[in-house]
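These notes concern the structure reproduced below.
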Amino acid sequence: MTDKDQNPDTRINMMDTPFPMRGDLPKREPGWVKDWNDGGLYKKLRAARQGAPLFVLHDGPPYANGKLHIGHALNKVLKDMIVKSKQLAGFDAQYIPGWDCHGLPIENAIEKLHGRNLSRDDMQAKSRAFATEQINQQREDFKRLGVLGDWERPYRTMDFANEAGEIRAFKRVIERGFVYRGLKPVYWCFDCGSSLAEFEIEYADKKSDTLDVAFEADDNAALAAAFGLPKLPGEGSKKAFAVIWTTTAWTIPANQALNAHPELEYALVDTPRGVLLLAASLVEKCLERYQLQGTVVATAVGEKLRGLVFRHPLHDTVTAEEGGKYSYRRTSPLYLADYVTATDGTGIVHSAPAYGVDDFNSCVAHGLKYDDILNPVQGNGVYAPELPFFGGQHIWKACARVIEVLGQSDRLMATVEITHSYPHCWRHKTPVIYRAAAQWFVRMDEGEGVFTKDKAPKTLRQLALDAIDETSFYPENGKARLRDMIANRPDWCISRQRSWGVPVPFFLHKDSGELHPRTMEILDQAADIVEKGGIEAWSRVTVEEILGAADAPHYTKSTDILEVWFDSGSTFRHVLRGSHKDAYGVPPFHAEGPEADLYLEGHDQHRGWFHSSLLLGCALEGRAPYRGLLTHGFATDGQGRKMSKSLGNTVEPQTITTKMGAEIVRLWVASTDYSGDLNIDDKILARVVDGYRRIRNTLRFLLANVSDFDPAKDALADDQLLEIDRFALARAAELQADIRAHFDVYEFHPVVSKLQVYCSEDLGAFYLDVLKDRLYTTAPKSLARRSAQTALWRITHAMLRWMAPFLSFTAEEAWSTFGTSESIFFETFSDLGQADEALLAKWNDIIQARDIANKKIEEKRAEGQVGASLQAELVIECDSPLYEELASLGQDLKFIFITSKVTLKQVAGKGLTVTVNVSQATKCERCWHYADDVGHDAAHPTLCGRCTSNLYGAGETRTVA
């Protein structure tokens, strides 16, 4: 308490607190991080919650590659807020952070640093060292953001036990009948030099040349007969052609068939260029595109075209010997296929089975053998050298040459450049192609797997769709998105042709390609070897060491690795049950269902980690590994644009932390609706800072005014509290119920919004505004003041818990001056009881009346008639029930309206009216109220009677406020 102007007559209860007004976050926060780490806070929290219900948020591992960007900060802070809110709700809320350590991003980084010609052993050694270095850097940045977790023992997919666990999971997927080897077109990235999974593809615009290409009929008589004609028009002088339309000129050299729809109507069109076979509904558009006049001479449904044969468009450009197996002197049979449409093009589809799934399926279904499929495009995107005209050229550059040669061969009907949506590698942002390759797949539908031992009761697609129905989604629209992806996805290609990853530990017979009969034993052996020495140990193992001298000459050791989504997708099995099972008690810690309560990532992970985890959970155990999925949007600039260095609109979390504090990053995450993209720029952060100051200032007022309050001695029972204090606690209970309901469904931006409104309106504009007179002017130990402090003490306890999940540093700093335990995170949400609905309703009416009165006072102030509201005297006229509510406040009514006098009149049938008069009384020097009894005591001539009693007498009696 301090003296005002050193005059004992004007001293008031002006309290202070060591909790400073200025946050000075960049300087103070590192100290809290150090205290948490040095003091082993996370381990202490686990011990404190031992035996409590578990809450498991399984971390989706970021790549150990590069410094953190704002998206990383968004993701980790959101996870941290959820874990902390569950901790405060009384759960044993574990957070074991993880890192994805294998795969192409790290190999790319190593190749940039050391070149592309590293040996497998060198690549693996350098990748492991690089990933370790990146993890150490990222871990410190995550800690600096205030994220609490088991940082001393995170999981890493490259830990030997996890690498071995992945091989054991792979074995189990095989046993369940889901794994097979096949030649099939898969997405292929030339920059990766490997196949890609469906969820590694994104779509972007690409410029391509469309081509209408003519395939000459091999038998004109057969074509005429299909249309019921004795012969074709111009027989002997005109050629006949089936015309196709494509956007992939580079696939023409690999054409092996044509496809038509059995139920579409096709037309023979007589033109100066020859007789053309086109879909009947597209004739007009096609002739316009070809700048030709033509006449339809006959029509027939596609079914009639079965068995027709056409020649490759470059058939006559080479001899039969040129190009070997890639010679163009070959024919293209016409097959019937349901995937053909007449929405655009010509209604006839050219088929290069190595480069399209539909093409592949159609050709194989019609008897084309795998060994006969032409695949001239090599893994680097360059045509095989023996391919006539185009050998040795990259396919993208060769497109112009393909068009040129077709034109020279008089087989190009038209070409136009278009911009269309095209699949790209999501890492390199470069176009990809479908390319046939022998790969290992996880089967989605019915079929035979290798070494099946315990076949699953349903297909993987059926299991996954069922599991989606059992999963909660936040937001709900994620359910339909994931369901659509699973319902329509092809088989999962799980093998990659790279070095840095968990091996596919197979041995293939050199002649038959069959797996070694001891494959399942070898998988166990490989897992044991990897568990002791990592994937490097398996790379060093020779064929002889595993198979023995007799079998070794006949088998080849596979150099494929499991794709990285298999790594992260299987972590629930070998992390939650394996390397970190001790953290969760005796497994299964959720005996009745999935181990993880929640997976949380950006919405792109519907096709990534959520997707692969779902498939592996269902393949291994027939259920998803999670109970709930939460997705958030991406961090974008203030205009909603994607961040990029070229635009200069990137925002680095390290910069914000250094300038403003990590607390501002955390409050930005918490205050933004993460269900969409999260905009961030300097202006947005400035608003976040303003919101932070409002909360901090309110918190400082609360802490200061309970600084002399000892709850053990000074706290009052509920029935002793003044009515307005009971109302304030009821309002806090009502808000806490709202906040906890939001926390239960992982919503934070409504909590921040309601907390800021609570600080500025419920507290700042009303309760604390009313309370100041009682806190400052009544006797320090009076019931009136202790009542107010009891309410403030309980509100402060509650508020610190509400804000702790997102304003963790600030809550911890305040707790150090206010709390009794080592950390706010040892606590649980306060018990505020049930909100008194009748009391809330009454005081809401009173507050509305007060708001009307304040507007009237403001009008007088604007006219210059009053200064502070205490200079005003009010006359309030109203009828029941408001009259009874206001009348129940008695003499304390003036304290509610913060005026020197209120006269209340009941007028039947009258709504609320407020008249403002200027007080003619004298102003008390201490409480600043205008009162007729100022100077009533000659010893204290500047004080009102209330103040002399509070300072020198028995003290005033407050009944309500």
Side-chain angles (χ1 to χ4, degrees), residues 36 39-59 77-96 146-150 472 474 576 580 582-600 626-628 630 666 670 711 729 732-748 750-752 754-755 793-808 810-812 814-816 818-835:
W36 287 344
L41 176 61
Y42 182 80
K43 287 184 178 179
K44 291 178 181 178
L45 292 174
R46 300 284 62 76
R49 287 289 189 273
Q50 192 168 14
L54 278 164
F55 176 80
V56 181
L57 186 155
H58 183 41
D59 193 24
V77 167
L78 186 53
K79 289 174 179 174
D80 185 57
M81 294 191 304
I82 288 174
V83 171
K84 285 173 177 170
S85 69
K86 289 295 182 181
Q87 178 80 12
L88 288 160
F91 287 88
D92 181 5
Q94 307 268 344
Y95 181 58
I96 296 170
V147 179
L148 284 179
D150 195 351
S472 299
Y474 311 91
L576 300 185
H580 288 73
D582 58 305
Y584 301 106
V586 179
F589 42 87
H590 280 324
E592 72 281 7
E595 282 78 359
D597 291 281
L598 190 68
Y599 277 27
L600 183 166
Y626 40 68
R627 297 165 181 266
L630 187 150
R666 297 180 65 90
L729 289 172
E734 181 182 48
L735 179 58
Q736 178 164 279
D738 281 350
I739 287 173
R740 294 196 61 177
H742 287 303
F743 282 159
D744 285 345
V745 292
Y746 315 121
E747 292 177 348
F748 294 93
V751 174
V752 175
K754 290 179 180 180
L755 179 59
W793 185 82
R794 292 174 64 183
I795 288 170
T796 306
H797 266 283
M799 184 170 156
L800 286 175
R801 290 156 170 80
W802 302 338
M803 59 189 280
F806 45 92
L807 293 179
S808 299
T810 304
E812 193 76 311
W815 187 255
S816 68
F818 177 71
T820 54
S821 60
E822 181 181 346
S823 168
I824 183 67
F825 299 108
F826 286 106
E827 305 302 312
T828 57
F829 288 114
S830 299
D831 181 8
L832 294 173
Q834 292 293 319

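Keep in mind that this is a model prediction, so the values were computed, not measured.
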Next on the checklist: I'd like to check Gln50 versus Asp92 (side-chain heavy atoms, cut-off strictly below 4.5 Å). Are they in contact?
Outcome noted: no
Item to check | Side-chain donor/acceptor of Asp80 to backbone N/O of Leu148, under 3.5 Å | outcome: yes
Next on the checklist: If the threshold is 4.0 Å, N to carboxylate O, is there a salt bridge linking Asp597 and Lys86?
Outcome noted: no
Checklist entry - Do the ring planes of Trp793 and Phe818 sit parallel (below 30°), tilted (30 to 60°) or perpendicular (above 60°)? => result tilted
Item to check | Phe91 to Leu54 - nearest heavy-atom pair and separation | outcome: CD2-O, 3.8 Å
Next on the checklist: Please check: side-chain N/O of Arg666 versus main-chain N/O of Leu807, any donor-acceptor pairing under 3.5 Å?
Outcome noted: no
Checklist entry - Taking the six-membered ring for Trp, are Tyr474 and Tyr746 parallel (under 30°), tilted (30 to 60°) or perpendicular (over 60°)? => result perpendicular
Checklist entry - Looking at CD1 of Ile82 and OH of Tyr95, how far apart are the two atoms once the value is rounded to the nearest 0.5 Å? => result 10.5 Å
Next on the checklist: Within the structure provided, determine whether Phe826 and Leu45 are in side-chain contact (heavy-atom separation under 4.5 Å).
Outcome noted: yes
Next on the checklist: I'd like to know if the side chain of Trp815 pairs up with that of Glu827 as donor and acceptor (distance under 3.5 Å, no hydrogens or angles considered).
Outcome noted: no
Checklist entry - How many angstroms lie between atom CD1 of Ile824 and atom NZ of Lys84, to the nearest 0.5 angstrom? => result 11.5 Å
Item to check | Donor-acceptor contact present, side-chain Arg49 to main-chain Ala93, <3.5 Å | outcome: no
Next on the checklist: Does any part of the side chain of Arg794, heavy atoms only, come nearer than 4.5 Å to the side chain of Ser830, both counted from C-beta?
Outcome noted: no
Checklist entry - Are side-chain heavy atoms of Tyr626 and Leu600 found at a separation under 4.5 Å? => result no
Next on the checklist: Could you walk me through whether Lys79 and Leu598 satisfy the side chain to side chain contact (heavy atoms under 4.5 Å, CB included) test, starting with their C-alpha distance in whole Å, then the side-chain angles of each, then the deciding distance to 0.1 Å, before giving a yes or no?
Outcome noted: CA-CA 10 Å; Lys79 289 174 179 174; Leu598 190 68; over 6 Å; no
Checklist outcome for this item: Scanning both residues in full, the closest heavy-atom pair of Pro805 with Met81 reads O-CG, 3.2 Å
Checklist outcome for this item: Minimal heavy-atom distance between Phe825 and Glu812, with the atoms involved, is CD1-OE2, 4.3 Å
Item to check | Straight-line distance of Leu57 CG to Leu78 CG, nearest 0.5 Å | outcome: 8.5 Å
Checklist entry - Which pair of non-hydrogen atoms, one from Ala670 and one from Phe806, has the smallest distance, and what is that distance? => result CB-CB, 3.6 Å
Checklist entry - Under 3.5 Å, is there a donor-acceptor pair between the side chain of Gln736 and the main chain of Ala798? => result no
Checklist entry - Quick one: CG on Leu755 to CG on Asp738, what's the gap to the nearest 0.5 Å? => result 12.5 Å
Checklist entry - When rounded to the nearest 0.5 angstrom, what is the spacing between CD in Glu734 and NZ in Lys754? => result 9.5 Å
Item to check | Trp802/His797 aromatic ring centres below 6.0 Å | outcome: no
Item to check | His58 to Ala596 - nearest heavy-atom pair and separation | outcome: CB-CB, 4.0 Å
Next on the checklist: To the closest 0.5 Å, what do you measure between CG (Leu832) and CD1 (Ile795)?
Outcome noted: 8.5 Å
Checklist entry - Which atom pair, heavy atoms only, marks the closest approach of Gly833 to Ala733? => result O-CB, 3.6 Å
